[in-house]
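A short write-up of the structure that comes next.
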Amino acid sequence: MTRATGRAPSGPPQPSPRRYNAVLRLYDAPLRRDWAFWLTVGLAVMVAFSIGTSQEQPSGMPRWLDTLLAVLTFTLLFGVVPAWIRLGIRRWRWGERPSHPKPSPVAAPDPSPTPNPGTTPPPHTAAAPRTTEPPRATPPPHTATAPTQAPHPTPPPRSTPTPRTASSPHTDPPPPRTPTPPRRTPPPPPHGPARPETAYPTAPDPLAAARRAFPHPVARTVHEMQRAHTAKDRHEALLEAGETLAATVAVTAAGLLTAHGAGERNLAELRTALAGTGTTFGTWTVWLHHLCRVARERTDVVPGLAEALRDDAEMAARPDDPGLAQFLDRLKGERNRTSHGDKPRTQEEAALRVAEHRLTLEQALMSAQFLTGLPWLLTVSCAYQRRTGTFEVVADHLMGDHPDFDRMTFSCPAPVADDTVYVLSPAGPVALSPFVASLYCPQCGRREICHANNAGRRNRPAAYKSFGRGHVIPYPELDEEIAALPGARPSPRPGRRTP
């Protein structure tokens with residue numbers, strides 16, 4: 001009598017499994033068991049031997065070249081081609097066979113040592129002899145519900161079926177093993193449970209989006225706010241970003257209204273402000289409030305502006321949903337408070353004010369998202385294309401906070417002026433002159449993007465103001481361009497506007 005050990009009896013080694021089309025996608029592995037491979041090799045040897053030992057000269061070529069060509073021809077025609085035909089037949093036959101589900105993986109035997117012959121087997125193994133029924137698979141450790149202190153858990157009743165593990169043929173079932181205590185569930189991570197894959201992504205940072213996709217004046221001031229080292233510098237940059245955003249929205253709308261011949265009353269009001277004491281934060285916010293009606297009537301002129309602005313009637317109906325002009329009014333109130341002697345005196349006070357008004361700036365940037373669809377361009381050259389009858393325009397893309405602008409080329413049906421700031425609207429490029437210009441600043445020593453600040457008076461010439469540094473750059477030609485705006489001419493001594 002031989003004693004059962006639970007291990008497979010030793011025997012001769014099994015032959016390696018055959019892998020179809022595993023070598024060069026034509027021959028089976030191992031090659032010694034493939035007739036097509038031996039056919040190819042045999043043909044090559046036979047042709048090489050017959051021509052190499054022949055006494056006749058079949059052609060004028062050297063014998064070695066003639067032998068090589070004959071070997072290649074016969075092996076390709078009568079060795080490789082049949083293997084390729086066999087590959088096609090196999091693919092056709094395998095394609096017609098129905099796909100069968102793969103068998104479940106075989107349960108790995110337990111690495112625990114085999115119990116001694118003299119020990120008594122567990123109770124659940126005595127009721128299930130090996131000759132009549134394969135042993136039931138022990139549930140995984142993490143699903144076990146047996147208490148930790150019990151040395152021998154009670155087996156489940158026979159009426160309740162338990163899941164069985166598929167066993168591979170020619171393999172003895174694993175020996176019975178002692179149940180292991182259940183594992184403890186690892187504690188959750190300190191940052192909370194993992195988010196599901198279907199959770200919505202977090203909303204992007206409005207400041208980061210503004211730095212990437214807004215016109216350069218706005219993106220630049222937002223960048224300076226984020227990189228400020230002290231709370232006081234950050235507070236000043238926040239107010240400057242709000243004023244730059246108001247000016248950018250205003251001059252973009254003014255350029256589009258001028259090109260479409262709309263909003264003459266609003267343009268006359270802006271010309272009066274330019275001919276007076278100059279533009280301020282309050283000039284832009286007041287002008288945007290008066291622009292609500294025109295934005296509602298002509299939604300095609302400035303796409304997205306009507307949704308961003310809120311007039312008095314809408315504010316009364318929805319006081320908890322302010323618009324772009326209302327957010328800018330809050331930032332303007334903080335600017336006036338700072339300008340009238342109530343500056344933050346300590347870093348802690350400046351940090352509190354930044355925390356208070358940062359959300360207002362972010363909401364204003366989100367309301368002005370329509371600016372991302374109206375990119376600013378600084379034209380470099382404009383050349384007529386004779387074959388297409390259009391003009392090829394090369395321009396700098398004045399978007400984003402990086403000072404080195406990307407250069408782009410596009411076709412335009414009408415010519416454009418060089419060294420001029422344009423806004424690319426759905427109808428084509430529209431010049432922002434005289435409201436925006438790219439001028440050389442003597443104080444900075446480089447070119448800056450500027451907006452119109454004031455017209456000429458007796459003791460003061462017309463000038464632009466830099467978006468970035470606030471430097472005033474005289475420009476006498478601005479008088480004629482401002483005077484050409486539609487609307488009534490201003491009085492010789494205009495009244496002073498209250499911001």
Side-chain angles (χ1 to χ4, degrees), residues 202-211 213-215 217-219 221-222 225-226 234-254 256-257 263 265-266 269-270 273 279-299 301-340 342 344 350-374 497-499:
T202 57
D205 184 11
L207 300 181
R211 289 178 52 184
F214 268 59
V218 180
T221 53
V222 171
M225 170 191 165
Q226 289 188 319
R234 196 173 299 110
H235 178 262
E236 183 65 26
L238 184 146
L239 300 180
E240 184 180 353
E243 184 174 358
T244 303
L245 177 61
T248 302
V249 174
V251 296
T252 302
L256 293 173
L257 289 175
R265 182 177 178 180
N266 301 90
E269 180 184 355
L270 184 57
T279 57
T280 60
F281 200 163
T283 303
W284 306 120
T285 55
V286 171
W287 193 76
L288 289 176
H289 277 289
H290 296 169
L291 199 64
C292 294
R293 184 179 60 84
V294 179
R296 296 290 186 277
E297 295 175 355
R298 297 295 303 272
T299 56
V301 176
V302 188
L305 182 61
E307 291 78 8
L309 298 178
R310 297 282 190 274
D311 54 11
D312 296 337
E314 291 181 342
M315 282 298 300
R318 295 184 297 174
D320 56 342
D321 186 18
L324 174 61
Q326 285 73 26
F327 292 130
L328 294 176
D329 280 338
R330 298 175 185 177
L331 297 176
K332 181 193 68 174
E334 179 65 16
R335 167 68 80 181
N336 293 340
R337 176 186 176 186
T338 303
S339 302
H340 294 135
D342 192 9
L352 290 176
R353 290 200 187 182
V354 170
E356 179 183 358
H357 296 283
R358 178 189 176 99
L359 180 59
T360 303
L361 177 62
E362 293 179 353
Q363 292 173 333
L365 291 172
M366 289 188 292
S367 299
Q369 284 292 326
F370 66 92
L371 290 177
T372 60
L374 299 171
R497 293 183 55 85
T498 302

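The structure presented is a predicted model; accordingly, all values stated were derived computationally and were not measured.
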Going through the checks in order, is the side chain to side chain contact (heavy atoms under 4.5 Å, CB included) test met by Thr280 and Glu243? CA-CA 8 Å; Thr280 60; Glu243 184 174 358; 5.5 Å; no

Report the residues that fulfil side-chain contact (heavy atoms from CB on, under 4.5 Å) with [X], sequence neighbours left out, ordered by chain and then residue number.
| X | value |
| --- | --- |
| Gln226 | Asp205, Leu207, Arg211 |
| Ala247 | Trp284, Phe467 |
| Ala308 | Leu324, Phe370 |

Does any part of the side chain of Val222, heavy atoms only, come nearer than 4.5 Å to the side chain of Leu245, both counted from C-beta? no

Heavy-atom distance under 4.5 Å between the side chains of Thr338 and His235, does that happen here? yes

Qualifying residue, where the test is side-chain contact (heavy atoms from CB on, under 4.5 Å) with Leu371 and the options are Val302, Thr248, Leu305: Thr248

Is the backbone of Asn336 close enough, under 3.5 Å, to the side chain of Ser339 for a donor and an acceptor to pair up by distance? no

Return yes if some donor-acceptor pair links the side-chain N/O of Thr221 with the main-chain N/O of Val218 below 3.5 Å, else return no. yes

Rounded distance [0.5 Å steps], [atom1] in [X] versus [atom2] in [Y]:
| X | Y | atom1 | atom2 | value |
| --- | --- | --- | --- | --- |
| Arg296 | Leu291 | CZ | CG | 10.0 Å |
| Glu334 | Leu361 | CD | CG | 12.0 Å |
| Lys332 | Thr283 | NZ | OG1 | 9.5 Å |
| Thr372 | Leu365 | OG1 | CG | 11.5 Å |
| Leu309 | His289 | CG | NE2 | 9.0 Å |
| Leu328 | Phe281 | CG | CZ | 5.5 Å |

At their closest point, which heavy atom of [X] faces which heavy atom of [Y], and how far apart are they?
| X | Y | value |
| --- | --- | --- |
| Pro322 | Gln326 | CB-CB, 3.7 Å |
| Ala250 | Trp287 | O-CZ3, 3.5 Å |
| Gly282 | Thr285 | O-OG1, 3.1 Å |
| Ala219 | Ala210 | CB-O, 3.4 Å |

Flag the pair Arg353 and Glu236 as a salt bridge only when some basic side-chain nitrogen lies within less than 4.0 angstrom of an acidic carboxylate oxygen. no

The criterion is side-chain hydrogen bond (donor to acceptor under 3.5 Å, both in side chains); which residues satisfy it with [X], sequence neighbours excluded?
| X | value |
| --- | --- |
| Glu240 | none |
| Asn266 | none |
| Arg234 | none |
| Glu356 | none |

Test salt bridge (Lys or Arg N to Asp or Glu O under 4.0 Å) applied to Glu307 - qualifying residues, sequence neighbours left out: none

Could I get the full list of salt bridge (Lys or Arg N to Asp or Glu O under 4.0 Å) partners for Arg293, not counting sequence neighbours? Glu297

Which pairs count as side-chain hydrogen bond (donor to acceptor under 3.5 Å, both in side chains) when at least one residue sits in residues 360-370, sequence neighbours excluded? Arg358-Glu362

